[in-house]
Amino acid sequence: MNTAADDFASRLLAWYDRAGRHDLPWMHPRTPYRVWLSEIMLQQTQVQTVMPYFERFVAALPTLPALAAASQDDVLALWSGLGYYARARNLHAAAKLCVERHDGELPRDPDALTALPGIGRSTAGAILAQAWGDRFAILDGNVKRVLARFHGVAGWPGTPAVEKALWLLAESHLPHERLADYTQAQMDFGATLCTRHDPACVICPLQADCVALRDGRVAELPTAKPSKPIPERHALLLLAEDAGQRVLLQKRPPTGIWASLWSLPEAADHETARAWFASHLQGDYDHAEALAPIAHAFTHYHVQLQPLRWRGLGLSAAVRDNDDLRWVARDELVSLGIPAPVRKLLLAVIPARSS
DNA sequence: AAGCCGGGGGG
DNA sequence: CCCCCAGGCTT
């Protein structure tokens, strides 16, 4: 069995001092707000992807009260391109709750923390350990992989039984000191040494006691998620420009894919598109220019988006600009939350204004 | 227990 | 082309 401050933790900490990452943006200064924001951004997202978004976000909204006071559109604009936009909506809602319930600060209590939207057990542990040095375990993808190999735990970690076993193992290794460093050490270790493909076992500080290495099962642990067929979908994107080269954007519904983001009006087929066009725009639907189709992949389905473009259009008199439908100039795109493939399309199609 | 929710990087 | 990544929420 493992003692509380066992070899596992002390070896990991020694490795971290030597080879870990000590200069990530959220470490300097390592405030609760910055730790929290980084942990939310890092959910299912790699460090290199997160860094520029983190810098931009804290520059615009440097404190929790500033985040709470921001508009949802501002928050989504800062998140635009990162994906999993529920994280941004939950972050924003949680900030408001902290202002209401916790005097504008992130609570240090684990139950109060987990009660906030977007913060589960692992994220709460990461925040508590890194922001205050409190003794809580994490169980993210890195830790799951390291523990599954080190202890030879088979079975996909997504199943409750395997996850429960891994939580117990994670807690069994917790040291009594340096919890912030230990937490970072685990993540750095999984991200840079005990990697999914081709881990550096030959220089691993845990190699002497790793069950997977001993049994030659490193490549097959952790057990992969069972794969399922991914459905293919199609949709039309309606790209209407007015005489000033502004594009008509529509706010998406608050649930579902790309919730609450601004995007091009979307239709399942030409019949639906034609009807929407007729009731909102003045012009000839059949005058559309078909642009190159866009292939976009989500985790659980793939979609082919066919953009149709019209120029010099006007809105029907009965429609007008409203809260869910706006003519947007190219310069305004940066201030809105827009799905990545749509943003890319618009920037490619709408010429930058020559100054 | 399974599905939903993005986008990018790597083999 | 496949898989995975500092997961959490909903059903």
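Values below: all heavy atoms of this structure, side chains included; hydrogens, waters and symmetry mates excluded. Values in this document were obtained by computation on a predicted structure and should not be read as measured data. Proteins get letters first, then strands, A, B, ... in listed order; numbering begins at 1 in each.
Ring-plane geometry between A:Phe8 and A:Tyr182 is classed as perpendicular, the angle between the planes exceeding 60 degrees on a 0 to 90 degree scale with a lower cut at 30. Aromatic ring orientation, A:His173 versus A:Phe150: perpendicular (interplanar angle above 60°, classes split at 30° and 60°). In this pair, A:Phe298 and A:Tyr301 present their aromatic rings tilted. The plane angle is within the 30 to 60° band.
Side-chain nitrogen and oxygen atoms of A:Arg87 include none within less than 4.0 Å of the OP1 or OP2 phosphate oxygen of C:dC9. Taking side-chain N and O atoms only, A:His300 has a distance below 4.0 Å to OP1 or OP2 of B:dC5. For the pair A:Gln46 and B:dG8, the criterion of a side-chain N or O lying under 4.0 Å from OP1 or OP2 is not met. Remark: A:Lys228 is in phosphate contact with B:dG3, judged by side-chain N or O atoms under 4.0 Å from OP1 or OP2. At C:dC3, one or more side-chain N or O atoms of A:Ser227 fall inside 4.0 Å of OP1 or OP2 (strictly under the cut-off). Between A:Trp258 and B:dG7 there is a side-chain N or O to OP1 or OP2 distance below 4.0 Å. Contact check, A:Tyr85 against B:dG7: a side-chain N or O comes under 4.0 Å of OP1 or OP2.
Checking C:dC4, C:dA6, B:dG7 against the side-chain heavy atoms of A:Pro341 singles out B:dG7 as nearest. Comparing C:dG8, C:dA6, B:dG6 by their nearest atom to the side chain of A:Ser122 picks out C:dG8. Of the listed nucleotides (B:dG11, C:dA6, C:dG7), B:dG11 has the atom at the smallest distance from the side chain of A:His197. The side chain of A:Thr299 approaches B:dG6 more closely than any other nucleotide in the set C:dA6, B:dG6, C:dG8. Picking from C:dC4, C:dG7, B:dA1 the nucleotide with the shortest atom distance to the side chain of A:Pro160 gives B:dA1.
The one candidate from A:Met41, A:Arg34, A:Glu39 that meets the side chain to side chain contact (heavy atoms under 4.5 Å, CB included) condition with A:Leu37 is A:Met41.
In this structure, B:dG6 makes no Watson-Crick or G-U wobble pair, since no nucleotide meets both defining distances under 3.5 angstrom.
When all heavy atoms are compared, the tightest approach of A:Trp310 to A:Tyr285 is NE1-O, 3.0 Å.
Nucleic acid contact for A:Trp26: base, since at least one base atom lies under 4.0 Å from a heavy atom of the residue. Counting any heavy atom pair closer than 4.0 Å across all strands shown, A:Arg343 reaches no nucleic acid atom.
The distance between atom CD1 of A:Ile40 and atom C1' of C:dC9, rounded to the nearest whole Å, is 12 Å.
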